Asks: 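A single structure is presented below for examination.
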Protein chains: 2
Amino acid sequence: MQAPKYQSLKDHVYDYIAQRIQDQTLLPNQKINEAEICKKLEISRTPTREALFQLTSDNLLDYLPRRGFTVKAFDPKKKLDLSLIIGTLEGLAAALAVEHLGDKELGAMKALVDKMDNDISNHNFTDYYKDQVVFHKMYIDKSNNDVLIETLNSLKNSFIRQSYGSEDPDRLMRVLHIVNGEHRKILDLFHAKDKQGLEETLKYHWRIIDNEML
Amino acid sequence: MQAPKYQSLKDHVYDYIAQRIQDQTLLPNQKINEAEICKKLEISRTPTREALFQLTSDNLLDYLPRRGFTVKAFDPKKKLDLSLIIGTLEGLAAALAVEHLGDKELGAMKALVDKMDNDISNHNFTDYYKDQVVFHKMYIDKSNNDVLIETLNSLKNSFIRQSYGSEDPDRLMRVLHIVNGEHRKILDLFHAKDKQGLEETLKYHWRIIDNEML
DNA sequence: GCGATGTATATTGTATACAGAATACTTCAC
DNA sequence: GTGAAGTATTCTGTATACAATATACATCGC
């Protein structure tokens with residue numbers, strides 16, 4: 001056995017599959033071949049299956065008894081459904097966070113929005129993506145509701161899989177500038193402590209995910 | 001091996017543990033003993049561990065690498081946090097359902113509210129509990145958002161564990177009558193197609209769960 | 001008695017074996 | 001050639017074995 005890069009082989013498999021789904025090596029509805037994974041990672045079936053079942057619980061795979069695992073398909077309707085749930089919970093998180101956000105956090109968020117504008121203009125979509133995650137995490141973490149933090153995390157994970165850039169980059173640029181405009185608006189609403197405005201704005205902020213991004 | 005009451009042994013273990021958590025045989029923070037379960041159910045460790053990992057993903061257990069599984073503790077703060085999330089998503093479900101609820105469903109809901117009043121007065125809390133589940137399921141199922149249906153299901157499962165009745169039944173009766181009053185109000189709001197009213201009412205409808213029920 | 005050290009025991013993580021079910025592949029009748 | 005029937009192969013579910021780690025227990029010095 002080699003150096004223990006991972007705490008457990010199960011986690012190794014988990015990350016490996018999740019990665020493969022994200023980078024489209026594994027396509028929706030495709031069947032998972034246990035033996036293949038075992039051979040690739042040079043491990044046995046036990047940790048592999050444990051990871052597979054966990055991925056199923058986390059909504060990345062489907063499982064049919066006696067016929068194995070397949071990559072979960074996320075059709076447009078499901079993405080839209082999910083974006084509405086995420087948006088609603090983001091709205092809740094924001095409303096809760098209003099009381100706990102200080103100048104420090106608001107300043108950091110402002111810096112992020114500015115940086116994201118640059119990212120987008122420079123077609124630096126990978127950086128944009130990361131910054132955007134941090135931006136939202138900023139206030140979610142201040143919601144003082146651990147269950148909410150965890151729930152949002154899990155929901156977002158379940159469909160963060162398609163990377164952008166597959167389409168026309170100029171079109172993507174225009175769309176993301178609009179999205180970042182919303183980020184700016186969200187920041188203003190935080191300054192104004194406008195809970196209802198935040199809920200309304202965030203509820204539909206994620207609809208874009210459906211086609212353009214992630 | 002005996003008659004296959006369960007499709008797989010893994011599912012058997014899953015249900016067994018979930019049950020034991022609900023009926024308080026397994027208490028919060030208590031350590032899970034793999035070997036004990038295996039012996040009790042006369043099966044091997046492989047399906048047992050698979051179930052254990054799944055229960056962890058489903059938030060019923062905690063897992064620490066190299067030191068096993070424990071029953072997840074749900075302190076009052078976490079329950080309150082969760083009730084707010086459930087309430088918010090119930091509000092979303094209700095708002096979405098408004099357009100799809102016909103006289104048939106509204107009639108059935110009315111019947112349920114009346115029946116629940118009887119259940120409560122007769123200290124028939126088990127029936128009340130079941131009816132209440134159906135009442136809420138009624139409109140959730142009409143939200144036309146499968147992801148939401150599944151998410152709510154999973155969130156509710158994660159803390160439906162303590163049964164009521166441990167306290168003074170007369171106090172419980174009074175509290176549940178108030179809760180059922182809210183059910184009646186919710187029904188009125190559906191008739192009025194008042195989405196905002198539904199969202200507001202449902203958001204805090206579940207706070208009671210914290211102490212009194214479930 | 002109290003804490004440190006070493007040893008025994010139990011528990012966890014992983015590999016492997018094997019039976020039964022599902023799937024793929026042949027063969028054959030028509 | 002097409003479809004049914006039977007056989008071979010692969011894959012899934014479960015049991016078991018074993019090494020590595022963690023925990024419990026006992027011993028010893030102070």
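By convention in this document, chain letters (A, B, ...) are assigned in the order of the sequence lines, proteins followed by strands, and residues within each chain are numbered from 1. For clarity, every value in this text was computed on a predicted model and none was experimentally measured.
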Asks: Would you say the side-chain atoms of A:D23 and A:T25 include a donor-acceptor pair closer than 3.5 Å?
Replies: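 Distance-only check passes for A:D23 and A:T25.
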
Asks: If I take atom CG in residue B:L41 and atom P in nucleotide D:dA15, what distance separates them, rounded to the nearest angstrom?
Replies: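 Result: 10 Å.
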
Asks: Five pairs at each end of the helix from C:dG1-D:dC30 to C:dC30-D:dG1: take the axis at both ends and give me the angle between them to 10°.
Replies: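 Result, rounded to 10 degrees: 0°.
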
Asks: Check nucleotides 9-12 of chain C against the protein and report each pair of N or O atoms closer than 3.5 Å, with its distance, or say if there are none.
Replies:
| from | atom 1 | to | atom 2 | distance (Å) |
| --- | --- | --- | --- | --- |
| C:dT12 | OP1 | B:K31 | NZ | 2.8 |

Asks: From CD of A:E42 over to P of C:dT14, roughly how many Å is that when rounded to an integer?
Replies: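 Answer to the nearest Å: 15 Å.
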
Asks: Whole angstroms only, please: what is the CG-P distance between B:L9 and D:dT12?
Replies: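 Distance check: B:L9 CG to D:dT12 P gives 17 Å.
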
Asks: Identify the heavy atoms of B:I140 and B:K156 that sit nearest to each other, and give their distance.
Replies: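 Smallest heavy-atom distance, with atoms named: CD1-NZ, 3.7 Å.
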
Asks: Could you check whether the side chain of B:T46 and the base of D:dT16 have a donor-acceptor pair of N or O atoms closer than 3.5 Å, going by distance alone?
Replies: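 Result: at least one qualifying N/O pair found.
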
Asks: So how far is it from B:L176 CG to B:R171 CZ, rounded to the nearest 0.5 Å?
Replies: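 That separation rounds to 10.5 Å.
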
Asks: Is the number of heavy atoms from other residues, nucleotides or ligands under 6.0 Å of B:K78 NZ greater than 12?
Replies: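 Atom NZ in B:K78 is not packed in, count stays at 12 or less.
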
Asks: Rounded off to whole Å, could you give me the CD1-to-P distance for the B:I37 and D:dA15 pair?
Replies: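 Value for this atom pair: 14 Å.
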
Asks: Picking from A:I149, A:N144, A:N145, A:T151, what satisfies side chain to side chain contact (heavy atoms under 4.5 Å, CB included) with B:D81?
Replies: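 Only one option passes, and that is A:N145.
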
Asks: Does the side chain of A:L92 reach to within under 4.5 Å of the side chain of B:K203, using non-hydrogen atoms?
Replies: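 In short, these two side chains touch, coming nearer than 4.5 Å.
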
Asks: Tell me: CD of B:E50 to C1' of D:dA15, nearest whole Å?
Replies: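 Going from B:E50 (CD) to D:dA15 (C1'), I get 12 Å.
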
Asks: Any side-chain donor-acceptor pair under 3.5 Å between B:Y14 and B:D58?
Replies: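 Yes, side-chain donor-acceptor contact under 3.5 Å.
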
Asks: Could you state the interatomic distance from OG1 (B:T126) to CG (B:N124), rounded to the nearest 0.5 Å?
Replies: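 Atom-to-atom, B:T126:OG1 and B:N124:CG are 6.5 Å apart.
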
